[in-house]
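Below you'll find the structure, written out as structure tokens, and then a few comments.
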Amino acid sequence: MGSTNMEMEMLEIFEVGPCKDSYEMGFLIGRRFSQKIRSRVQNDLIIQNQLRPFAQKADSQSLLKALFHNNQSKFPRYWDELLGTAAGSGVPVLDILLMNLRKEILAFIPKEEIKGLNVDTPDDCSDVLVVGESMAIAAHNEDANVALVGHTYLIKGILSDGVFFVGYTYAGELPSCAFGFNSHGLAFTLNSVPPGEDEIVAGGIGRNFVSRDILEATGIDDALNRISSSEVSVGHCYNLMEASTRRILNVETASKKRVSVNEVGETPFFHANMYLHLHINQVQDENSLHRQKRASVLAKTSKEDFLSLLGDFDDKKYPIYMTGPLLHTLCTAVIDLDEQTLSIIAGNPKKRQVIHIFSISPKELKSNHDNSHSNAA
């Protein structure tokens, strides 16, 4: 029980908004979680050993300048949110920006400079998705570097028009680089993917900005538009779910506005951290290949099967459910489009210890935000 109790205490939800502007929203989040954000920056070896030294170099300035300029120009509100988070938490703005754009920067750090350091293992995640007659479910393991253990929280952000979103948030980052939903009944989970070096474009739009933008999408088509209209630097995989239409899309993206959409149907679909349908040169990720292979032989006919699959650690070197030393499954999210719920499970999902459950049914907006009790476990 011990670790789960710890998890329960660790995954706090903070309701913020409506705010007068984005800076204020970021500031309030930064102030509320300043301890977690500072602790993460102090414990994250990727920030200390790779991102900060890179940012100090003269020949890095043109990349950083382009990255900062392009992301601030396209998403001025979310940029202000980050400036607010830095001010509220007392963490230098540069650290906050480097954290949020780490994927877009790490791709340009020469490999020989990071030998022997705590290399940025991909933020490995596993998803199993199905839309069949008896169930429409997305189940997602949120896997991350050990530095993130105890450094996450939930943000419920209420916008000026009464629309709200809930995002699982890495300390100091924009909600959400993991999973979330909004009051339009749109939900998503994310998987990182590894495009080859020749597929990456310097100074493009950062993944954290795109996923923050999806939290404000009015539905699955709007989310797809927001994803497609961003000229990203690296690439990403988005699993989009819509409560009102019972649809799930798996969307893979890469630089140069490349997008591939796969509508999930009754054949269960497992996605780790490799591109499965967008044709692209990619880095062969052993970890993903092993998880993909193991998932292919496990039963996938019920919700219980999905949770067993995500709790599987049969492959000792590359388990689906990760317990360290470097990679940890932080939690599991289950989105059920028939129940219209998003549940967050702590510990091994086989044990089904739900610590938060939210209604994701599209909300009729009333002025008195009567849905704020939706986070009762």
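Atom-to-atom distance recorded for F33:CZ and L28:CG is 11.5 Å, nearest 0.5 angstrom. If you take CD1 on I360 and OG1 on T341, they are separated by 6.5 Å, rounding to the nearest 0.5 Å. Atom-to-atom distance recorded for I137:CD1 and L337:CG is 8.5 Å, nearest 0.5 angstrom. Note: E263 CD to L240 CG = 10.5 Å, rounded to the nearest 0.5 Å. From I227, atom CD1 reaches atom CZ of F188 across 9.0 Å, with rounding to the nearest 0.5 Å. Taken to the nearest 0.5 Å, the CD atom of E252 stands 11.5 Å off from the NE2 atom of H236.
By the rule that hydrophobic residues join a cluster once side-chain heavy atoms approach within less than 4.5 Å of another member, L310 and Y321 end up as members of separate clusters. Taken together through direct or relayed side-chain contacts under 4.5 Å among Ile, Leu, Val, Met, Phe, Trp and Tyr, L330 and L11 form part of one hydrophobic cluster. Side-chain heavy atoms closer than 4.5 Å link hydrophobic residues (I, L, V, M, F, W, Y) into clusters, and following such links, possibly through other members, connects I220 to L224. Both L67 and L106 are part of a single hydrophobic cluster, where members link through side-chain heavy atoms under 4.5 Å apart. In the hydrophobic clustering of this structure, I355 groups with F179; members are Ile, Leu, Val, Met, Phe, Trp, Tyr whose side-chain heavy atoms approach within less than 4.5 Å, directly or through other members.
For the 3.5 Å distance criterion, the side chains of T301 and D305 qualify, holding a donor opposite an acceptor. Side-chain contact, S255 with R258: a donor N or O sits under 3.5 Å from an acceptor N or O. Side-chain atoms of H277 and N250 include a donor-acceptor pair closer than 3.5 Å. With hydrogens and angles left out, the side-chain atoms of Y238 and T253 include no donor and acceptor closer than 3.5 Å. Inspection of the N239 and N191 side chains reveals an N or O donor paired with an N or O acceptor under 3.5 Å.
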Steps toward side-chain contact (heavy atoms from CB on, under 4.5 Å) verdict (F165, L159): CA-CA 8 Å; F165 62 77; L159 305 174; 4.1 Å; yes

Test log, rule side-chain contact (heavy atoms from CB on, under 4.5 Å), inputs F181 and I335: CA-CA 10 Å; F181 73 94; I335 293 147; over 6 Å; no

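Of the charged side-chain nitrogens involved, none lies within less than 4.0 Å of a carboxylate oxygen, so that E199 and K256 do not count as a salt-bridged pair. Between D124 and R291 a salt bridge is recorded (basic side-chain N to carboxylate O distance below 4.0 Å). Taking a cutoff of 4.0 Å between a charged side-chain nitrogen and a carboxylate oxygen, R294 and D315 do not qualify as a salt bridge. With salt bridges taken as basic N to acidic carboxylate O contacts below 4.0 Å, one links R32 and E12. Salt-bridge check for R207 with E173: failed, with every basic side-chain N at 4.0 Å or more from each acidic carboxylate O.
Of all the heavy atoms in M135 and D338, the pair that sits closest is CA-OD2, 3.7 Å. Closest approach of A138 to L129, counting heavy atoms only: CB-CD2, 3.4 Å. In terms of heavy-atom proximity, S230 sits nearest to K257 at O-CG, 4.4 Å. In terms of heavy-atom proximity, L174 sits nearest to N208 at CD1-O, 3.9 Å. The two residues G235 and Y275 make their nearest non-hydrogen contact at CA-OH, 3.7 Å. Annotation for L186 and I214: closest pair CD2-O, 3.6 Å, computed over non-hydrogen atoms.
No side-chain donor-acceptor contact under 3.5 Å links D80 to the backbone of S22. S126 places no side-chain N or O within 3.5 Å of a backbone atom of A272 that could act as its donor or acceptor partner. With S361 contributing its side chain and S359 its backbone, the two residues share no donor-acceptor pair below 3.5 Å. Between the side chain of D222 and the main chain of T218, a donor-acceptor pair closer than 3.5 Å is present. Distance alone, capped at 3.5 Å, places no donor-acceptor pair between the Y78 side chain and the F209 backbone. Although no hydrogens or angles enter the test, the distance criterion places a donor-acceptor pair under 3.5 Å between the side chain of Q48 and the main chain of V41. Using modelled atom types, one side-chain atom of Q61 and one backbone atom of A55 make a donor-acceptor pair closer than 3.5 Å. Side-chain atoms of N100 come within 3.5 Å of backbone atoms of I96 as a donor-acceptor pair (strictly under, hydrogens ignored). Without hydrogens or angle criteria, S176 side chain to A178 main chain gives a donor-acceptor distance under 3.5 Å. Checking side-chain atoms of K300 against main-chain N and O of L298 turns up a donor-acceptor pair under 3.5 Å.
Residues E15 and I158 meet the side-chain proximity criterion, which asks for heavy atoms closer than 4.5 Å. Looking only at side-chain heavy atoms (C-beta outward), Q292 and L276 come within less than 4.5 Å of each other. At least one side-chain heavy atom of R212 sits under 4.5 Å from a side-chain heavy atom of P175. Taking 4.5 Å as the limit, some side-chain heavy atom of V193 sits within range of a side-chain heavy atom of H271. Using a 4.5 Å cut-off on side-chain heavy atoms (C-beta onward), P362 and Q340 make contact. With contacts defined as side-chain heavy-atom distances shorter than 4.5 Å, the pair L97/W79 qualifies. Taking the side chain as every heavy atom from C-beta outward, V232 and E104 never approach each other to under 4.5 Å. Between L342 and V166, the closest side-chain pair of non-hydrogen atoms is not below 4.5 Å.
Each of Y168, F358, Y153 was scored for a side chain to side chain contact (heavy atoms under 4.5 Å, CB included) with I13, with one residue passing: F358. Paired with E216 under the rule side-chain hydrogen bond (donor to acceptor under 3.5 Å, both in side chains), one option of R77, R226, H184 passes, and it is R77.
Between Y318 and H290, the ring-plane angle classifies as tilted under the 30° and 60° cut-offs.
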